[in-house]
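Below: one structure, written as structure tokens.
Throughout, protein chains are lettered first and strands after them, A, B, ... in sequence-line order, and every chain is numbered starting at 1. Since this is a predicted model, take the numbers as computed values, not measurements.
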4 protein chains.
Amino acid sequence: MAKLQKSIDKRNALVKATIDLVNNNGFHATPMSKIAKMANVSPATIYLYFENKQDLVNQTYIDVKTEYTKYAFNGYDANAPVKEAFQYIWNRIADFKLKQCEHALFLAQCDNTPMIDEASRQEGIKHLQPLLDLWAKGKAEGVIKPYSDYILYAYAINPLAFLMLAQKRGAITLDDTLIKNAFEAAWNSIKK
Amino acid sequence: MAKLQKSIDKRNALVKATIDLVNNNGFHATPMSKIAKMANVSPATIYLYFENKQDLVNQTYIDVKTEYTKYAFNGYDANAPVKEAFQYIWNRIADFKLKQCEHALFLAQCDNTPMIDEASRQEGIKHLQPLLDLWAKGKAEGVIKPYSDYILYAYAINPLAFLMLAQKRGAITLDDTLIKNAFEAAWNSIKK
Amino acid sequence: MAKLQKSIDKRNALVKATIDLVNNNGFHATPMSKIAKMANVSPATIYLYFENKQDLVNQTYIDVKTEYTKYAFNGYDANAPVKEAFQYIWNRIADFKLKQCEHALFLAQCDNTPMIDEASRQEGIKHLQPLLDLWAKGKAEGVIKPYSDYILYAYAINPLAFLMLAQKRGAITLDDTLIKNAFEAAWNSIKK
Amino acid sequence: MAKLQKSIDKRNALVKATIDLVNNNGFHATPMSKIAKMANVSPATIYLYFENKQDLVNQTYIDVKTEYTKYAFNGYDANAPVKEAFQYIWNRIADFKLKQCEHALFLAQCDNTPMIDEASRQEGIKHLQPLLDLWAKGKAEGVIKPYSDYILYAYAINPLAFLMLAQKRGAITLDDTLIKNAFEAAWNSIKK
DNA sequence: TATGAATGAGCGTTCATTCAT
DNA sequence: TATGAATGAACGCTCATTCAT
């Protein structure tokens, strides 16, 4: 019965394997055959779930990005005071980068590489809107500097990717102190 | 002598072609044959200058990273006051990312990807020492927050890579105002 | 009974789809999955009606060849005078090539290609006997040249396949004049 | 020295292997790997000489068709009387089909199959012009029936392909008598 | 030093066929 | 009987690397 449907489990296993292998080897050094093997399916099976390799990686990207933003805004109260609201989101994102480190790593690689379709990139950005809204509110209230959203993201959020990467490479450990300091730096960079 | 000169030109042409092609296609989607063609040499010739593809890209990385740090510290006066000294370096780096945008792009891709040997990565970091020294001094003088150097780099320097990428994708234009704002954000994130 | 009927419909749909797709793409460029899709059945269902792909195409060939000869001799009076009898058959065959052009095309492809089992090829030839009988009679009466039956077929019948193909490719239109001329040529080539 | 050039021998070996294998298995049942093996080269080497499989088979077709027409008109005197001239060409073609039976077979398969580009098909037809000229002359002189050239070809020339195929399949042997009869039939079908 | 030819290994993908229901 | 899911084997083709000169 469950076998009569294309199994969501198989799709998920493929996405998971893709993340793992692309993280360690990069897009082009990750053959479909290895992805299949790691997901315990035949290479041909991949093509029941995805159109081709590009589609697989695009969909994986969108999956992960969606999970990321969902996690970031989960439990978020848009009516909280700006700093408090920002801290909440920031902490959720930091949490994600720490706990879903593999996923964060995958996003970092996708975002700095020509391996993702522009369309999928746009698709992935969509769900960040609440953060942009918060910044708009913060700017209006004079709590946040009237910078371009790109600058705000570059300084308030993106450094976490760098830190996560440094941790993955064994250079640092993102303990409580580091996280606390990082938030301070983030907030100071954008607060008025 | 004429021979030697010619050889250096060829090596440089190969490095240049590598940067160009890797930027646009990624490491593994950049065949040696295309690199050779763009550098106007035979594929076989590459192997007179580099051991293999990995070596070529490693050396290219080190070349560019070295150029980057050289540029960053060119004209730098280590005895200037901390903020002034920092601003000098920061501006040089911002300048590099703007004017040598292709090179900056290449570094961004290398730094977020498993395409570079760990050894080469370490080699590339070496020349940042003056910046670390400056931060040490700044911390000692109580001008800069006593954060880990990784945090300082993550907030003070690394965001420029994000902004450069956004510009390359056509999302923003790094004009004077943006640069000014970016520096403000950078300094505020690390200043005491 | 209703079940059986339905089955015959499915078999026919598969045969029809095979003809269509093989005509346009050739045997090996015609996947079972496409045949299934065009016949509105599952790929697995094909194997309830045919042993494998080779069997499917063999049976299709025999089906079409049988239809062809049936059509050719339908209404044929073996006792008519030789020329009259020949003209009758010739016209029927010409008619078939014009009106069942897809089927004629399929036969042409099968007959010039290693895609059909030798056994099926022999099976397909069987029903041409009345024509051979007519030729025997014609030779005996001194009305038809005492050529090998292969020569008679090559000149009296086979050219129609060439003309049909030329029409299919848009080079000519088999109008009444052309057909009249073609018959003249056919008859002149074999008549004593 | 000879090794510095792409060797014409290798190209020819590939063309030859293609003819052989396609004759016996058909286009799509002839893998590049087998062609390579039969030509004693690596699969990759094929792509130094041909763009892809389609190009290989197209070029092979044009090669063979060119050889065919060259052979057909070799020594031909366009000023000879029409029947004599026709007989000369016809004999050359018959000769070709007998002696270069593999090549004739290949053409037969190409001409009845969607395996050749339309462009290559047109290219292959070009060199038949002298025959068309002869027919024009014959029609003008009232020696040949004023049929469409397609009919003339269908009855005067094309039957040889059928006979060659029958011989290849072991059904007949094209000895002198058969050839003589075939010519008679051919000429009678088109002569006024 | 420099090359164009050549290649084995491996890639993404397809497909005839089978499996589980 | 009928199916959609699943697959191993094979295909066309590419590429990092080597060879012969």
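- Rounded to an integer number of Å, the gap from D:Y49 OH to E:dG4 P is 14 Å.
- Sequence neighbours left out, not one pair with a member in residues 49-61 of chain D passes salt bridge (Lys or Arg N to Asp or Glu O under 4.0 Å).
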Using salt bridge (Lys or Arg N to Asp or Glu O under 4.0 Å), reason through C:K16 and C:D9 one step at a time and then give a plain yes or no.
CA-CA 10 Å; C:K16 198 162 142 47; C:D9 285 354; over 6 Å; no
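- Residue pairs meeting the salt bridge (Lys or Arg N to Asp or Glu O under 4.0 Å) criterion with at least one partner in residues 105-121 of chain D, sequence neighbours excluded, are D:K65-D:D111, D:E118-D:R121.
- In this structure, D:T60 contributes its side chain and D:L56 its backbone to a donor-acceptor pair below 3.5 Å.
- In this structure, CD1 of B:I35 is placed 13 Å from C1' of F:dT17, rounded to the nearest angstrom.
- In this structure, C:L14 places its CG atom 14 Å from P of E:dT17, rounding to the nearest Å.
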Sugar-phosphate means primed atoms, P, OP1 and OP2; the rest is base. With that split, encode nucleotides 8-14 of chain E 5' to 3' as B, S or - using protein heavy atoms under 4.0 Å.
B--SSBB
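- The side chain of A:K6 contributes no N or O atom lying less than 4.0 Å from OP1 or OP2 of F:dA6.
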Going by atom type alone, with no hydrogens or angles, which donor-acceptor pairs under 3.5 Å involve a side-chain atom of residues 26-33 of chain C and a protein atom two or more places apart or on another chain?
{"residue": "C:T30", "atom": "OG1", "partner": "C:L21", "partner atom": "O", "Å": "3.3"}
{"residue": "C:T30", "atom": "OG1", "partner": "C:G26", "partner atom": "O", "Å": "2.7"}

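- Here A:Q59 contributes atom CD and A:Q54 contributes atom CD; the two are 11.0 Å apart, rounded to the nearest 0.5 Å.
- Here F:dT18 presents its C1' atom at 12 Å from CG of B:L48, a figure rounded to the nearest Å.
- To the nearest angstrom, P of F:dG4 lies 10 Å from CG of C:N40.
- Summarising the geometry, the separation between NZ on B:K10 and C1' on E:dT1 is reported as 7 Å, rounded to the nearest angstrom.
- In this structure, D:L56 places its CG atom 13 Å from C1' of F:dC13, rounding to the nearest Å.
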Please convert DNA chain E into dot-bracket. A pair counts if it is Watson-Crick or G-U wobble with both distances under 3.5 Å; crossing pairs go in [ ] and bases paired with another strand get |.
.||||||||||||||||||||
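- For the pair C:F50 CZ and E:dT17 C1', the computed distance is 16 Å after rounding to whole Å.
- With sequence neighbours excluded, the residues that form a salt bridge (Lys or Arg N to Asp or Glu O under 4.0 Å) with D:K126 are D:E123.
- Side-chain contact of C:N23 with C:E102: a donor-acceptor pair under 3.5 Å is present, judged by distance alone.
- Between B:D20 and B:K34 no salt bridge is recorded (no basic side-chain N to carboxylate O distance below 4.0 Å).
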